[in-house]
Amino acid sequence: MVNGMFEGNPFQDALRFERRIPPCAVVIFGANGDLTKRKLMPALYRLAFERRMPLGYVIYGNSRTPMSDEQFREKMKRAVKEFLEASPFDEELWGEFARTLFYVAGDLHQPHFYETLATRLQAHEAHTSGNVLFYLSTQPSHYQAVVAGLHAAGLATGSGWRRVVVEKPFGYDLKSAKALNSALQAVFPESSIYRIDHYLGKETVQNILAFRFANGIFEPLWNRRYVNHVQITAAESIGVEGRGSYYQESGALRDMIQNHLLQVLATVAMEPSAVFEPTAVRDERAKLLRSIRIPKESEVPNYAVAGQYGPGRVGNQEIAGFRQEPGVDPESQTDTYAAVKFQIDNWRWAGVPFYVRTGKRLPKRVTDIAIQFNAAPLSLFSNDDGDPYLARPNLLILRIQPEEGISLRFFSKVPGGGMRLRPVSMDFNYGSSFGVRTPTAYETLLLDALVGDPTLYTRQDMVEASWAAVEPILNYWASQKFDFPNYEAGSWGPKAADELLARDGHRWRRP
Ligand code: BG6
């Protein structure tokens with residue numbers, strides 16, 4: 001049980017099933033930033049559009065830039081119009097929604113700012129019952145100052161609940177993640193800290209649990225006896241999109257693998273939880289993350305490959321190399337591609353490699369998980385062209401984006417005389433099966449935080465375990481001088497990544 005929620009409490013049960021948000025205020029720190037425009041405000045607007053927001057809610061934005069409430073509302077209107085995904089913009093509803101938006105400028109390092117904020121929030125308490133969700137979407141270097149400021153102004157506790165959502169990156173390495181955890185926990189109890197990883201809010205990632213644990217036919221095969229290896233791919237065709245100076249310090253391993261893809265891996269590989277309840281589910285994820293083998297630094301070249309793109313073409317477009325991007329050092333040693341072979345040391349997965357790769361400026365945007373099953377124990381039929389890859393036809397692909405669905409590949413007889421075989425696919429497609437708009441990850445996760453359900457948020461132990469799993473790689477890479485660039489924009493990454501799999505007799509799929 002987390003935070004007194006869900007267990008045997010009829011009121012909480014109602015929240016769980018109807019997911020109705022209690023009266024509250026939302027305060028966004030970093031409201032002038034990209035995330036607020038692209039993701040947070042469209043998600044909040046959408047929750048209001050679906051009539052999920054409670055009566056009397058208020059949303060406060062903060063940044064250093066002076067702005068009136070009216071100017072903030074206009075800015076947010078433009079953002080919502082531009083970034084609302086697959087749903088209509090409704091002028092009338094916007095008018096209603098805009099009246100709930102307020103803005104308070106201020107320097108996060110000045111105590112005075114928090115006092116002003118406290119006074120402003122107090123004025124709404126009759127409607128919000130004193131419930132407040134603080135959303136940290138500033139530069140991470142301000143996080144500690146914000147929680148300390150909230151504490152000093154008495155905002156971390158109050159007549160209602162107080163929760164804090166923390167955006168990624170959650171630390172820069174294990175040490176800084178631990179320091180951030182301590183700073184947060186000095187002010188808020190762990191049960192009020194919501195560390196967001198938007199991949200966990202994606203419908204298709206949540207569906208992995210339904211697929212595995214609501215069906216009887218897959219789970220018996222989901223282990224080292226039947227699974228040969230697993231490939232997790234998150235390819236992006238975009239580059240660093242004006243985030244050169246952030247990305248230059250981060251790199252692909254920190255930006256995507258330490259958080260998003262290790263959470264996806266944990267979802268694919270975790271044990272079923274005894275009940276579908278926040279602590280139980282998060283315990284299983286955490287346990288899995290702690291079972292990932294931590295390589296010695298000297299072994300890193302056997303497990304991980306770094307890449308950086310040089311100039312090339314994506315589609316018909318000429319693309320500059322990473323080192324030519326604004327804000328990027330012309331000698332940059334940052335990885336824009338990373339491939340890692342993870343080993344899970346538990347009874348279910350011992351000996352089954354999980355290959356994870358991600359990169360910018362790859363040929364297309366695609367995120368998927370491929371579970372490669374072992375071959376039939378005996379081959380009675382010869383296949384079409386003797387390709388050893390085809391000798392293992394049974395592949396299950398969980399497609400996260402953009403074409404959400406699931407495919408199962410198996411051998412079929414080619415019509416006609418003789419026993420010629422060819423792999424064919426059985427496909428499930430989300431869009432055509434349900435025909436409804438799926439909520440964005442931020443809608444799902446904001447709703448969860450507002451109703452007090454942390455199931456899809458990461459916990460201190462998970463974050464620390466996933467930093468521990470990549471730390472030797474980060475340290476080893478930091479000590480190297482790479483011969484970058486080593487892949488062309490628009491290609492599938494460096495040759496060394498192919499060699500990583502070839503050493504085990506495998507090869508990357510071309511999604
Ligand atoms: C973010 C990374 O967390 O995830 C970005 O910082 C990346 O670099 C993005 O592009 C990918 O998210 P999605 O939802 O588009 O796959």
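Numbering of ligands and ligand atoms starts at 1, following listing order. This is a predicted model, so every value here is computed, not measured.
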Ion pair present between [X] and [Y], side-chain N to carboxylate O less than 4.0 angstrom?
X: Arg348; Y: Glu219; answer: yes
X: Glu325; Y: Lys360; answer: no
X: Asp173; Y: Lys175; answer: no

message: Taking the six-membered ring of Phe218 as reference, does the cationic atom of Arg212 (NZ for Lys, CZ for Arg) lie under 6.0 Å from its centre and within 45° of its axis?
response: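 Relative to the ring axis of Phe218, which defines the angle, Arg212 lies outside at least one limit.
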field: Geometric cation-pi criterion, Lys202 with Tyr199: 6.0 Å, 45°
entry: yes
Protein residues that have a heavy atom under 4.0 Å from any atom of ligand 1, sorted by chain and number: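 Ligand 1 is contacted, at a heavy-atom distance under 4.0 Å, by Lys168, His198, Tyr199, Lys202, Glu236, Arg243, Asp255, Met256, His260, Lys360, Arg365, Gln401.
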- prompt: Is there a salt bridge (charged side-chain N to carboxylate O under 4.0 Å, His left out) between Lys341 and Asp504 once you walk through the steps?
  reply: CA-CA 10 Å; Lys341 169 180 167 179; Asp504 296 341; 2.9 Å; yes
